[in-house]
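Inspection log for the structure reproduced underneath, given as structure tokens.
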Amino acid sequence: MGEVYKPEEIEIKWQRIWEEKGVFRVKEDPDKPKYYVLEMFPYPSGRIHMGHVRNYTIGDVIARYKKMRGFNVLHPMGWDAFGLPAENAALKHGVHPADWTYDNIDYMRRQLRRLGFSYDWSREFATCDHEYYRHEQRFFIEMLERGLAYRKKTLVNWCPSCHTVLANEQVEDGACWRCGTEVVQREMEGWFFRITAYAEELLRDLEKLQGKWPEKVLVMQRNWIGKSEGAEIEFEVDGLPEKITVFTTRPDTLYGVTFVSLSPEHPLAERLAERAGIKEELLAFREKARRARREIEEGLAEKEGLFLEAYAIHPLTGEKVPIYAANFVLMEYGTGAVMAVPAHDQRDFEFARKYGLPIKVVINPEDAELDPETMEAAYEEPGVMVNSGPFTGLPSEEGKRAIVEHLEKIGVGRKKVSYRLRDWGVSRQRYWGCPIPVVYCERCGVVPEKLENLPVKLPLNAQIDEAGRSPLPKLESFLKTECPRCGGPARRETDTFDTFVESSWYFARFACPDAKEPLVSEKVHYWLPVDQYIGGIEHAILHLLYARFFTKVLRDLGYLHLDEPFEKLLTQGMVIKEPYKCPRHGWLYPEEVSESGTCLKEGCGERVIVGRPEKMSKSKCNVVDPDEMIKRYGADTVRLFMLFAAPPERDLEWSDQGIEGAFRFLKRLYHLVSEWSEKIREVEPYSGDGNDLPSELKALRRKTHQTIRKVTQDLEERLHFNTAIAAIMELVNHLEDTLKKASPEAPGFYEVLKETLRAIVLLLSPMTPHICEELWEKLGEKGLVAETEWPEWSEEVAREEEITVVVQVNGKVRDQLRVPAGTPEERVRELALSSSKVKRHLEGKTIRKVVFVPGRLINFVAN
RNA sequence: GCCGAGGUGGCGGAAUUGGUAGACGCGCUGGAUUCAGGAUCCAGUGGGGAUACCCCCGUGCGGGUUCGAGUCCCGCCCUCGGCACCA
């Protein structure tokens with residue numbers, strides 16, 4: 001059998017060589033086209049998991065492939081290093097968040113190196129380095145000056161367990177995205193980024209990403225931004241100078257308004273309640289609504305209202321309609337006030353029925369007349385306007401325009417666009433984050449830190465308290481400072497940034513990680529945008545929207561020159577595995593399940609239930625540890641399996657037998673090359689025209705060139721590594737067959753063998769780089785495979801000389817013919833009709849029609 | 001409820017433009033090797049009928065277009081993901 005494949009030896013050897021030669025270090029080179037490949041950087045949680053391995057393997061294949069194609073490839077890696085788990089670890093194990101974080105980074109860096117990823121490690125940084133976040137603080141100050149960052153008091157999502165505010169995007173089904181605790185509403189002052197100022201651009205530029213980003217992500221972002229066009233309409237309040245401004249998308253239903261609903265948080269609600277002497281009731285109502293927010297948002301809670309004993313005046317009819325506070329009206333959307341049209345809005349309909357308010361039909365369907373008495377639901381479709389004064393008779397779509405025009409003319413309304421997107425709350429009451437660089441001065445109020453005083457360093461001499469609260473508000477040395485403006489005594493901001501701020505611009509910093517200034521124009525100009533970004537779908541909204549926003553802000557601040565940061569996006573699927581569950585012992589590790597599928601715990605013997613494959617999680621005991629797999633099979637095998645088992649955008653089911661298969665393939669290839677290496681080391685790859693070769697060698701060359709074409713197309717156009725690998729396996733199978741058949745004495749034997757083996761090694765090298773370097777060396781090649789050009793194919797050589805033509809009778813396959821390529825229809829027909837199988841099926845029938853598809857099939861239609 | 005993706009052998013998945021459904025891998029069956037197991041190698045492997053040539057059926061279900069449909073159209077079912085009182 002000869003040499004044994006020893007992955008660990010080979011892999012460490014080549015990793016050292018790549019490192020020593022600085023193969024993946026890059027700098028700007030105006031003579032070469034650049035290519036920037038980026039994978040979403042990890043949170044240093046302790047160890048990498050299979051999801052990381054998959055993500056980074058995909059990126060590595062692309063980076064290595066592009067390099068072989070002659071691109072100057074930037075492929076960096078870093079650490080999203082601020083965040084809550086560091087504080088939790090500090091609480092649990094008494095380690096400082098900084099130590100915990102940097103230790104984790106060291107461990108995980110080693111893991112990534114062991115996988116052989118082609119990173120330019122000289123560019124590595126962690127976002128908790130003050131040399132990184134100092135620039136973020138500068139951006140913040142500049143945003144503050146431009147009104148893009150501001151402070152306000154609002155109802156915020158508060159996680160009682162994490163002691164912090166959460167952005168809307170961080171609330172999932174009413175629970176904290178990190179710890180799952182139910183989120184409560186709380187009024188707080190905090191810092192916000194005015195992302196809504198970019199709502200329209202963020203929406204519009206999604207068009208530029210069409211076809212380059214997954215449609216799914218574009219749809220999710222579009223929905224999140226949630227543009228709706230409508231109008232603002234003013235209602236006077238009877239007996240008071242105040243006005244209520246409502247937002248509606250249905251100005252055509254204005255004549256159907258029978259009451260007005262205010263959010264319980266609406267300032268006017270409080271004033272009206274006070275006037276009516278029911279302030280207590282309102283406050284109780286508001287409290288209840290806040291508490292029930294989750295059920296309200298899930299549509300579970302009953303609609304409730306509180307009559308504020310006041311009336312609004314209809315701007316067109318002058319009619320008086322009651323004003324209610326209603327628990328389903330959101331202060332954060334539109335104006336916090338809604339004109340209620342029960343006949344044509346389901347929510348208002350339910351509310352009206354509950355409180356016995358009138359229902360007035362103003363839109364009829366084309367072919368029917370609605371009766372408010374018998375209606376069971378609101379009619380929300382377009383139709384014909386009725387009971388609408390001068391607008392009666394108009395189609396409702398036209399009526400929208402007509403009414404808004406009229407309102408504008410008389411000055412009580414206007415066209416208006418609303419967005420669901422809200423400003424991004426970035427304040428976190430956390431310790432392990434980037435300090436927000438402002439101070440509170442008794443005299444000057446809120447003052448930004450001077451640029452030359454940056455960074456405002458996070459003090460490392462602090463300990464989290466037992467409740468998990470940030471130590472900053474109690475840390476005098478940090479807290480006490482002087483006002484950058486007047487020099488008087490001042491207090492530092494103790495909130496830190498949401499960690500999504502750091503990940504919103506790290507991709508740009510990789511262009512110039514060591515620069516004194518935030519972003520070096522020429523470098524950023526050369527490398528950006530990211531040509532291919534790769535990461536999990538879970539960031540479809542949060543991270544990707546913020547990064548897009550930051551790109552636009554940094555552009556407007558003069559740091560960047562582009563509108564969109566990520567040219568192409570690939571969202572890879574999860575790595576999943578079936579969990580095992582024992583009815584008595586709960587979730588089991590695979591080694592706790594017997595061969596025959598029974599529970600081995602405490603001699604239990606109960607039949608184990610195999611669940612459907614799902615995301616790996618510790619609690620379900622279905623995690624596979626990358627370290628263990630690397631130890632057993634080597635990095636190349638793990639990488640190969642990750643790429644082969646499914647196309648990248650789909651979920652990948654972990655399979656112990658599957659990885660065995662990948663290992664087997666690499667072993668086979670290793671032995672194959674080893675076996676022939678002596679004989680072909682000095683041989684030049686075949687370069688003739690093929691006419692001197694026996695047919696099986698010609699066929700092998702054909703297959704080789706077809707495979708180069710196929711693999712190149714799969715990597716270039718579709719990023720479908722699974723089919724690329726399948727094609728290479730086919731070539732290896734074909735080669736082995738040929739070696740059995742062909743005689744080494746045949747002319748050109750060694751040359752063709754060399755040509756084929758070279759191609760196999762080159763094609764496979766982006767996916768399993770270590771074994772390929774080793775085999776490259778065995779083939780007697782000089783230099784590194786990583787620095788070799790990607791192979792070319794020749795259409796001439798790849799062309800089939802003989803093809804299979806399928807013969808059908810009435811659309812059913814009856815025979816197959818081998819004919820020279822390009823055989824004309826007449827000849828194919830002649831051959832087909834002489835086939836006994838075909839004759840049998842045509843017996844007693846008349847041919848009505850013949851369909852001929854050149855190179856594919858001939859079909860006789862007969863009856 | 002709305003939006004999106006998907007449903008193909010025992011399993012993961014191929015089929016890129018409407019043209020041989022099931023590439024490649026796993027598993028399984030038989031054989032070689034072995035004291036035995038493992039590893040490796042060879043052959044077979046969608047279902048059914050005949051076991052020789054062959055024939056019938058088959059890509060979630062029902063219809064349609066077409067010489068020909070996994071692929072296109074219409075109507076359903078199921079699974080997964082996202083959003084959801086946004087006025």
Side-chain angles (χ1 to χ4, degrees), chain A residues 1 172-173 214-220 222-224 226-228 230 246-250 253 261 296-301 303 326-330 332-341 345-348 350-351 418-422 537-538 540-541 573-574 612-614 640-641 644-647 649-662 664-665 667-668 671 710 713-714 717-718 720 722-730 732-733 736 740 804-816 836-837 840 848-853 855-862:
Chain A
M1 163 118 315
E172 290 168 354
D173 287 329
E215 187 58 31
K216 183 183 179 150
V217 175
L218 296 176
V219 168
M220 282 164 77
R222 218 168 273 137
N223 291 341
W224 190 263
K227 180 178 183 173
S228 46
V246 301
F247 173 74
T248 179
T249 54
R250 293 294 303 273
T253 63
S261 310
I296 289 172
E297 280 180 355
E298 277 165 19
L300 299 172
K303 287 180 181 45
N327 65 350
F328 62 89
V329 179
L330 308 171
E332 304 83 36
Y333 182 77
T335 60
V338 194
M339 64 178 218
V341 185
D345 181 287
Q346 187 58 28
R347 295 157 301 183
D348 297 339
E350 286 167 31
F351 194 89
S418 261
Y419 299 89
R420 207 188 80 110
L421 181 70
R422 311 215 179 122
I537 186 75
E538 66 273 19
I541 302 173
M574 292 183 296
R612 71 149 78 221
E614 56 181 302
L640 184 66
F641 174 68
F644 180 63
E649 63 279 0
R650 242 195 271 184
D651 284 351
L652 182 150
E653 205 180 314
W654 182 266
S655 150
D656 292 329
Q657 282 115 2
I659 194 163
E660 286 281 352
R664 210 172 297 158
F665 173 73
K667 273 193 287 192
R668 238 173 84 207
H671 294 143
K710 165 80 177 153
Q713 285 167 355
D714 281 349
E717 293 154 25
R718 306 197 309 164
H720 275 199
N722 55 332
T723 51
I725 293 167
I728 298 169
M729 288 173 165
E730 274 188 68
V732 172
N733 291 345
E736 285 181 332
K740 263 177 250 161
T804 303
V805 173
V806 168
V807 185
Q808 297 183 336
V809 176
N810 290 330
K812 286 191 176 171
V813 180
R814 296 303 177 189
D815 203 359
Q816 299 173 6
S836 58
K837 296 174 192 170
R840 192 168 58 235
R848 303 289 171 191
K849 192 175 166 184
V850 181
V851 181
F852 179 67
V853 182
R856 289 235 172 240
L857 62 75
I858 186 160
N859 184 12
F860 297 101
V861 185

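Throughout, a chain's letter reflects where its sequence line sits, starting with A, and its residues are numbered from 1. All figures in this text were calculated on a predicted structure; none of them were measured in a lab.
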By the 4.0 Å heavy-atom rule, please label [X] as base, sugar-phosphate, or nothing.
| X | answer |
| --- | --- |
| A:Ser228 | sugar-phosphate |
| A:Gly226 | nothing |
| A:Asp651 | sugar-phosphate |
| A:Val861 | sugar-phosphate |
| A:Gln808 | base |
| A:Arg856 | sugar-phosphate |
| A:Val246 | nothing |
| A:Asn722 | sugar-phosphate |
| A:Arg848 | nothing |
| A:Ser655 | nothing |
| A:Val806 | base |
| A:Gln816 | base |
| A:Lys740 | sugar-phosphate |

Going by atom types only, do A:Arg848 and A:Asn810 share a side-chain donor-acceptor pair under 3.5 Å?
no
Looking only at side-chain N and O atoms, does A:His720 offer a donor or acceptor that is under 3.5 Å from a partner on A:Gln713?
no
Starting from the 5' end of RNA chain B, give me the residue, A:Phe247 or A:Ala727, whose nearest nucleotide shows up first.
A:Ala727
Toward the 5' end of RNA chain B, by each residue's nearest nucleotide, A:Ala726 or A:Lys710:
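First, find each residue's nearest nucleotide; the 5'-ward one identifies A:Lys710.
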So, does [X] get its side chain near the phosphate of [N], meaning an N or O under 4.0 Å from OP1 or OP2?
| X | N | value |
| --- | --- | --- |
| A:Arg664 | B:U40 | yes |
| A:Arg814 | B:C55 | yes |
| A:Lys216 | B:G6 | no |
| A:Arg347 | B:A84 | no |
| A:Arg650 | B:A14 | yes |
| A:Arg422 | B:C86 | no |
| A:Arg420 | B:A87 | no |

Please give the distance between the [atom1] atoms of [N] and [M] as a whole number of Å.
| N | M | atom1 | value |
| --- | --- | --- | --- |
| B:G27 | B:G49 | C1' | 27 Å |
| B:C86 | B:G12 | P | 40 Å |
| B:C78 | B:G10 | P | 23 Å |
| B:A15 | B:G9 | C1' | 15 Å |
| B:C56 | B:C80 | P | 39 Å |
| B:G19 | B:G38 | P | 45 Å |
| B:G25 | B:C73 | P | 34 Å |
| B:G70 | B:G64 | P | 15 Å |

Specify the separation, in whole Å, of atom [atom1] of [X] and atom [atom2] of [N].
| X | N | atom1 | atom2 | value |
| --- | --- | --- | --- | --- |
| A:Asn223 | B:G81 | CG | C1' | 13 Å |
| A:Lys837 | B:C56 | NZ | P | 13 Å |
| A:Lys812 | B:U66 | NZ | P | 19 Å |
| A:Asn733 | B:C24 | CG | P | 7 Å |
| A:Ile541 | B:G82 | CD1 | C1' | 7 Å |
| A:Glu660 | B:A39 | CD | P | 8 Å |
| A:Phe644 | B:G12 | CZ | P | 14 Å |
| A:Tyr333 | B:C85 | OH | C1' | 12 Å |

Shortest non-hydrogen contact from A:Thr335 toward A:Phe247
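Shortest heavy-atom separation between A:Thr335 and A:Phe247 comes out as OG1-N, 3.6 Å.
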Nearest heavy atoms of A:Ser261 and A:Val329, plus distance in Å:
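Here A:Ser261 and A:Val329 meet closest at CB-CG2, 3.8 Å.
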On the ring face of A:Phe351, is A:Lys303 found with NZ or CZ under 6.0 Å from the centre and within 45° of the axis?
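No - A:Lys303 does not lie over the ring of A:Phe351 by the 6.0 Å and 45° rule.
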Pair partner, B:C61 [Watson-Crick or wobble, under 3.5 Å]
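Checking every strand shown, B:C61 finds its partner in B:G75, with both distances under 3.5 Å.
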Pair assignment for B:A87, Watson-Crick or G-U wobble, requiring both distances under 3.5 Å:
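Check on B:A87: unpaired, no WC or wobble geometry under 3.5 Å.
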Examine distances only and state if a side-chain atom of A:Asp651 and a backbone atom of A:Met574 form a donor-acceptor pair shorter than 3.5 Å.
yes
Could you tell me whether the side chain of A:Val851 reaches within less than 4.5 Å of the side chain of A:Gln808, counting heavy atoms only?
no
With the side chain counted from C-beta on, respond yes when A:Val807 and A:Lys837 share a heavy-atom pair under 4.5 Å apart, and no when they do not.
no
Ignoring hydrogens and angles, are the base of B:C85 and the side chain of A:Lys303 linked by a donor-acceptor pair under 3.5 Å?
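Counting by modelled atom types and ignoring angles, a donor-acceptor contact under 3.5 Å is found here.
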B:C3 base to A:Arg222 side chain: any donor-acceptor pair below 3.5 Å?
no
Salt-bridge criterion met for A:Glu730 and A:Lys710 (N-O under 4.0 Å):
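A salt bridge is absent here (no side-chain N lies under 4.0 Å from a carboxylate O).
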